[in-house]
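Below, read A as the first sequence line, B as the second, and so on, with proteins coming before strands; counting in each chain starts at 1. All values derive from a computational prediction rather than experimental measurement.
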Amino acid sequence: MHDIKRLRQHADEVKAAIARKGFDADVNSALALDERWRDLTKQGDELKAELNPASKAIGIAKKAGNDAQAEMDKARGIREQAAELDDQKRDLKAELETILLSWPAEPDSIVPDGLTEKENVVVREWSPGEDEPDFELKDHLALAEELGILDMPRGAKVAGGGWPLYVGTGARLERSLINYMLDIQTGEHSYKELAVPFAVNRESVLGTGQLPKLEEDMYLVDKDDLFLIPTSEVPITNLHRGEIVNGDDLPLQYTAYSACFRREAGAYGADTRGLLRVHQFNKVELVQIVKPDTSDTTHEEILSHATTILERLNLRYRILDLCCGELSFAAARCFDIEVWAPGTKSWLEVSSVSNFRDFQARRLNLRFRGEAKKPELPHTLNGSGLATSRLMVALMETYQTPEGRIRIPADLKSYMGGLDQISGA
RNA sequence: GGAGAGGUGGCCGAGUGGUUGAAGGCGCUCGCCUCGAAAGCGAGUUUGCGGUGACCCCGUAACGUGGGUUCGAAUCCCACCCUCUCCGCCA
């Protein structure tokens, strides 16, 4: 959410910054509502300032046994006026909130211009330095179905299209990846592991900024008004919602595995073969809550925490500096990590590492007590570290053998019970 | 799902209509004392909003949340949420 005080002073800047994301913010309506609200607040407070001492005087008079009917009638009149103003104020405030909550975060000034993926900037590419094999590479779906480790038709039978069903060593590989990534992030990068709810309430999704924009992209359990989490960013970042945390405890670093659920509404025509775009996938998420002056450094750190995994698995990847239009609603800056899938012959997004500045913190009413007299807003950041389904695609396609088997990367062998390669389910 | 108890500041806990943003204690901060510390003594110690983008100050709001009654609500009424205990059901 945007700072109303900043908006009052720098409305043009705010409007211009949001416009870089392709969003036309009706700044004037917001300011008009705010001005009326402030005006009514002033009037209301003045009335109450009159009312409160009058009520006290009535109390004293009645205690002394004096009649105070005239004063009571007068006080009632004032109270009715004040109540009238309160009602108007509430409506104005609600209207203003609705508007402000619908505005995306301002992108950082260094974020590249542009509204489509064409304007994303490749900032770095990494490769293990091995040539691609010279035999005909299969894509992950062909490989996995022939091995029997992925059964999309039966997934469709029990749930629907785009609900993957892993079988045997495929399921084991999925679980291994999750454990492997969690072990690195908790053991080497000092994140505290959480096991979070996979469903969250409306307040939580509003806090991290999936609502109001992405309501149609999430699964809603209507009966309980709960959303299946699209990412564990939501439960993790909401942990300290409404709290004032001790500044000495920052940075707070959390990681959690979770299943992630996405309706992928409107994704028709996009890459949907096999595991490329599914309704449920697994992800290890990294979240940090930090002091504002350190968030740029933290952003780079989280990026390296995510890429570590790919480098140890010897998977080729590249990093994109997302342009304004490609940034998510709440993000001020974001690096995407894309892994190379040699069979599919495309770059697959396996992580988004975002800095939200104080945008989420303000929505969450999340503050910390630091040197300043008043509580301050921290910056929140997160990154996937990583998402398994597309990682699985790259892994299977990269490690395939001419016989259609899948070698197990050295780091994963112990997690796979010493298995060298997958030759069947 | 049923029955009961309960939600008050960083924490414990008092407060069942009146001058209570809230007793008391703990904790914390500062000062005195001390070679230093402890103990003791004294003072301070919530947040939002508006005036006014800072300080001070002033006003206002907040005792789970939202409504209501009243001149006046932490206190009375209604609804909801959450926690705990017991029962039922179930992994």
Between [N] and [M], how far apart are the two [atom1] atoms, rounded to whole Å?
N	M	atom1	result
B/G2	B/A74	P	32 Å
B/G21	B/U75	P	13 Å
B/A23	B/C78	C1'	31 Å
B/A79	B/G4	P	14 Å

Between [N] and [X], is there an OP1 or OP2 to side-chain N/O distance shorter than 4.0 Å?
X	N	result
A/Arg79	B/G72	yes
A/Arg8	B/U52	no
A/Arg6	B/G53	no
A/Arg76	B/U69	no
A/Arg90	B/G67	yes

* Asked: Tell me, for nucleotides 77-82 of chain B in 5' to 3' order, what letter each nucleotide earns: B for a base near a protein heavy atom under 4.0 Å, S for only sugar-phosphate near one, - for neither?
  -> ------
* **Cationic N near anionic O, under 4.0 Å, A/Glu106 to A/Arg6** => yes
* Below 4.0 angstrom, N of the basic side chain to O of the carboxylate: do A/Lys15 and A/Asp26 qualify? -> no
Pick base, sugar-phosphate or nothing for [X], based on heavy-atom distances below 4.0 Å to the nucleic acid.
X	value
A/Glu71	nothing
A/Ala54	nothing
A/Lys373	sugar-phosphate
A/Asp73	nothing

* Atom of A/Met396, atom of A/Leu275 and distance for their closest heavy-atom approach -> CE-CD1, 4.1 Å
* Asked: A/Arg367 has a side chain; which of B/A61, B/G72, B/U47 sits nearest to it?
  -> B/U47
* Structure fact -> Stems with RNA chain B, 3 or more Watson-Crick or G-U pairs in a row (under 3.5 Å), are B:1-7 with B:81-87, B:10-12 with B:24-26, B:27-32 with B:40-45, B:46-51 with B:57-62, B:64-68 with B:76-80
* To do: Scan side-chain atoms only and decide if A/Glu285 and A/Tyr254 contain a donor-acceptor pair under the 3.5 Å cut-off.
  => no
* Asked: Should the ring pair A/Tyr191 and A/His305 be called parallel, tilted or perpendicular, given that the plane angle runs from 0 to 90° and is split at 30 and 60?
  -> perpendicular
